[in-house]
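Input: a single structure, listed below in structure tokens.
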Amino acid sequence: MPKLSRTHYLRGMFRKVLIANRGEIALRIIRACRDLGIKTVAVYSEADRDSLHRRFADEDVCIGPAHSSRSYLDPKRIIAAAEVTNAEAIHPGYGFLAENADFADICASCEMKFIGPAADVIRKMGDKSAAKKLMKEAGVPVVPGSDGTVGSIEEAAEIAGKIGYPVIIKASAGGGGRGMRVARGDEDLQTAYRTARMEAEAAFKNSEVYVEKYVSNPRHIEIQILADEHGNVIHLGERDCTVQRRHQKLIEEAPSPVLTPEVRKQIGESAVRGAEVAGYQNAGTIEFLYDVDGSFYFMEMNTRIQVEHPVTEQVTDIDLVREQLRIAAGMQLEMTQSDVTIRGHSMECRINAENPDAGFRPSPGQITSLHVPGGLGIRVDTHAYAKYVIPAFYDSMIAKLITHGKTRAEAMKRMQRALEEFVVEGVDTTIPFHKRVFSDPVFQSAKYDTSYVEKFLAGESAAKLEVTKSES
Ligand code: ADP
């Protein structure tokens, strides 16, 4: 008798899903599963024994020691946990194995549904210079630069000469803001090229880099895509993630306060075209740089659910994780492009256990007391609780504070109220930083670019210096 694949038993939705992640996103996925009547399996490392995702899931499996290379990043352990619990699908969340094409291949060979796009699409989009080439061919605007990777400093110099300085050298396998260096002239090109390559080799074991024009004063605008396995592709509007520190997002909002309806339509349509050309399926994000003059350029595609997905959920009333599960189970999108309407404004602050007054130094340890804000227009996605010990092994995000209002002004007011109510004791957090940003007239005016945080912090330290001088 031929071996029946696990998915042959499926009738409609999955019965059991394993979540290959931790923290708030693991809880987020458990919640979506619960709404759909799907049983959940949590995996956890020894450092996460007391974690909420373990407690909230129907079943849980310890997959190894704290170090993620021997737990959350180890495909063998994850697949073994899925096999013993009879899970039909694996949701990777974000980070860890979410954009690992080999893991998606392993899942397929084990007849386990990977909740995300096909392995070859992850591979294709993970190679940033190749993805850029593909988008260019599809007619999506891209930042001027090298056609693929550059093999020598001479080649980089030649391209820089053609497109003009400043240029940015970027790792082809890049992510998380690493492997990126700006060169303002011939004199710093060599250092930028060498450093970007070294950083890329260290972080991604791949030193390939490409060159592109460094767009001055851009905003970061990204489009949320949903694509089913039947050829339907739609977008759910944009998120504005311009508030970044060292290329890492700190505050996100939807819709963007600066796009005109025409540009909004053009970016949305470009993103849909890009996803179609890539053969994309499931939820994904296409990131663009937006220039003050209204032009926009493809930057990269993220083939997973994003940290900042809730702001899109708040303004569209569409549960993105539910859609991911439905798409992976082979169902059709329930809505068309014309069904998508944007309602009001949503903002998100990433609350990290970090000390903003000490260069955002991580602050792991025990949360001695916790009060989470509430009220109309407030959503908090968190795995933190009073007495929870934040392990030092993983990322420092402990909560996402999300607000919704009829207007940006209302969403901002509600954020200020919620930040005032939020109490986290025992560890340092970025709450005080967010409070200061939300009371800054420049932030309130929405007239800034990706250099905002750097300038804001420089302004603050200059002001502090003034105070110290006048006191002494
Ligand atoms: P990663 O995958 O590491 O996050 P991205 O390509 O998404 O890298 O870039 C992260 C951030 O770096 C962007 O949001 C933007 O602020 C900045 N950036 C990247 N490329 C450029 C460019 N060509 N010009 C100006 N800023 C850029």
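Ligands are counted one by one from 1 in listed order, and the atoms in each one are counted from 1 as well. All figures in this text were calculated on a predicted structure; none of them were measured in a lab.
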For atom 21 (C) of ligand 1, closest protein heavy-atom neighbour: Leu289 CD1, 3.4 Å
Protein heavy atom at shortest distance from atom 7 (O) of ligand 1: Glu300 OE2, 2.7 Å
Distance from atom 3 (O) of ligand 1 to nearest protein heavy atom, with residue and atom: Gly177 N, 2.5 Å
Arg239 side chain to Thr312 side chain, donor-acceptor N/O pair below 3.5 angstrom: yes
Atom indices of ligand 1, in the order listed, that fall short of 4.0 Å to a heavy atom of Glu287: 7 (O)
Ligand 1 contact on Lys213 by region, counting heavy-atom pairs under 4.0 Å: backbone
Protein heavy-atom partner closest to atom 12 (O) of ligand 1 - residue, atom, separation in Å: His247 ND1, 3.0 Å
Salt bridge flag under 4.0 Å for residues Glu222 and Lys249: yes
Partner residues of Pro432 under the side-chain contact (heavy atoms from CB on, under 4.5 Å) criterion, sequence neighbours left out: Thr429, Arg436
Ligand 1 contacted by Gln248 (non-hydrogen, < 4.0 Å): no
Protein contact of atom 8 (O) of ligand 1 - nearest heavy atom, named by residue and atom, plus distance: Lys128 NZ, 3.2 Å
Glu212, Glu99, Arg219, Met180: member with heavy atom nearest to atom 9 (O) of ligand 1: Met180
